[in-house]
Amino acid sequence: MSKSHPQQWAIVTDDHRPDPAAVAAIAALPTTQLADCGGPVAVVGPEIARVAGGGEFCGPALTVWTKPGDILYVLKAPDLARPGDVLVVDGGGRTDAAVLGDIVSGVLSRAGVVGTLVDGAIRDVDGIDEVGTPTFARGAHPATGSNDGPGAINVTVQVGGVLVRPGDVVRGDASGVVVVSREHLDEVAALARAVDERETAWLETIRGGATLAAALGIDDVIARKRQDAGAELP
């Protein structure tokens, strides 16, 4: 849990957002295929999952670092939001002090924010459900901590063990959350589409009557690995 940040008190107004078409290409793919593509994709730890609102989101990160449990800079963040953004809050993983509730969620929604990712706690779950914004966090807690700062906006943060910079694309769905750096969006989208094509081919082969092992070539893999290991065949 980090109680300080090298840029604490900063509010950075530079626009780091990538090409919307590149974001849309990532949004069209599930997190599983993005995670499996072998490209530069970071996977957020499983302790962060959907708590309220809709089930999935994708967009460039509007980042907030806050002293764990403090809401001062979270309250400022909507002023910098643009349509399509995902609010990413590094709350230091603290779960006994909520840093976001339904009022902030509603303001963010009206600003066009499409998702919220919090390494920490949220509250007003029913209210956020009514707002509808997909909200992923470590959990819910009814009390807030402080409103004193420090904090920082549009700086590099850490969420679920993953570094997130302003403008990196954050994709969340029922399987979890992944982060794609803004420089590698086209590369990752192409690699993940190849995963989709491969999986589609497997499914068509299975529907045609092949076993799962045959469709995936598992018997050949096992035979080769057994041979490499010097195992005797029965």
Side-chain angles (χ1 to χ4, degrees), residues 15-65 74 77 80-91 93 100 105 108-109 111-120 122 128-129 131-139 153-200:
D15 187 358
H16 304 282
R17 295 168 181 86
D19 180 356
V23 178
I26 298 297
L29 297 155
T31 59
T32 50
Q33 292 177 349
L34 292 164
D36 284 352
C37 78
V41 178
V43 181
V44 173
E47 62 277 2
I48 296 178
R50 178 191 170 277
V51 178
E56 62 179 293
F57 60 81
C58 185
L62 168 62
T63 62
V64 177
W65 172 83
V74 177
L80 284 83
R82 292 189 183 176
D85 282 352
V86 172
L87 180 72
V88 178
V89 181
D90 178 354
L100 182 138
S105 182
L108 289 167
S109 177
V113 169
V114 298
T116 305
L117 176 64
V118 179
D119 195 338
I122 66 166
I128 295 176
D129 279 337
V131 171
T133 302
T135 304
F136 288 49
R138 287 182 181 263
I153 297 176
N154 275 330
V155 298
T156 298
V157 298
Q158 181 171 278
V159 177
V162 170
L163 290 179
V164 184
R165 301 167 307 158
D168 287 347
V169 172
V170 186
R171 173 78 170 102
D173 61 20
S175 294
V177 180
V178 299
V179 179
V180 183
S181 62
R182 57 183 184 260
E183 297 90 351
H184 298 290
L185 298 177
D186 293 339
E187 174 190 356
V188 167
L191 290 168
R193 281 194 293 267
V195 173
D196 179 57
E197 292 170 2
R198 185 166 66 245
E199 291 181 351
T200 299

J.: How close do Ala61 and Val164 get, counting heavy atoms only, and between which atoms?
T.: CB-CG1, 3.7 Å

J.: Please confirm whether the backbone N or O of Ser175 pairs with a side-chain atom of Asp173, one donor and one acceptor, at under 3.5 Å?
T.: yes

J.: If the threshold is 4.0 Å, N to carboxylate O, is there a salt bridge linking Arg82 and Asp85?
T.: no

J.: Taking Ser105's backbone N and O only, do any of them form a donor-acceptor pair with Ser109's side chain (distance below 3.5 Å, no angle check)?
T.: no

J.: Could you go through the side chain to side chain contact (heavy atoms under 4.5 Å, CB included) check for Val88 and Leu117 one step at a time?
T.: CA-CA 5 Å; Val88 178; Leu117 176 64; 4.3 Å; yes

J.: Before giving the answer on side chain to side chain contact (heavy atoms under 4.5 Å, CB included), spell out for Cys58 and Val169 the whole-Å C-alpha distance, their side-chain angles and the decisive distance to 0.1 Å.
T.: CA-CA 7 Å; Cys58 185; Val169 172; 3.7 Å; yes

J.: Going through the distances and angles, do Ile48 and Asp119 end up as a side chain to side chain contact (heavy atoms under 4.5 Å, CB included)?
T.: CA-CA 7 Å; Ile48 296 178; Asp119 195 338; 3.9 Å; yes

J.: Is a side-chain N or O of Arg171 found less than 3.5 angstrom from the main chain of Val180, in a donor-acceptor match?
T.: no

J.: Can you name the nearest heavy-atom pair linking Ala42 to Val162, along with the distance?
T.: CB-CG1, 3.4 Å

J.: Would the distance check show the side chain of Arg138 and the main-chain N or O of Gly160 forming a donor-acceptor pair, the cut-off being under 3.5 Å?
T.: no

J.: With distance as the sole test, does Ser181 use its side chain to make a donor-acceptor pair with the main-chain N or O of Asp168 at under 3.5 Å?
T.: no

J.: Below 4.5 Å, heavy atoms only, C-beta onward: do Val44 and Val179 meet side chain to side chain?
T.: yes

J.: Measure the shortest side-chain to side-chain distance between Val188 and Leu34 over non-hydrogen atoms and say whether it is less than 4.5 angstrom.
T.: yes

J.: Measure from the side-chain N and O atoms of Arg193 to the backbone N and O of Glu197, and report whether any donor-acceptor pair falls under 3.5 Å.
T.: no

J.: Leu87 vs Leu100, test: side chain to side chain contact (heavy atoms under 4.5 Å, CB included). Steps then yes/no.
T.: CA-CA 11 Å; Leu87 180 72; Leu100 182 138; 3.9 Å; yes

J.: For the side chain to side chain contact (heavy atoms under 4.5 Å, CB included) test, which of Ile153, Thr116, Val86 pairs with Leu62?
T.: Ile153

J.: Looking at Pro30, is its backbone amide N or carbonyl O close enough to the side chain of Thr32 to form a donor-acceptor pair, meaning the two atoms are under 3.5 Å apart?
T.: no

J.: Kindly indicate whether the side chain of His16, heavy atoms from C-beta on, has any atom under 4.5 Å from the side chain of Arg165.
T.: no

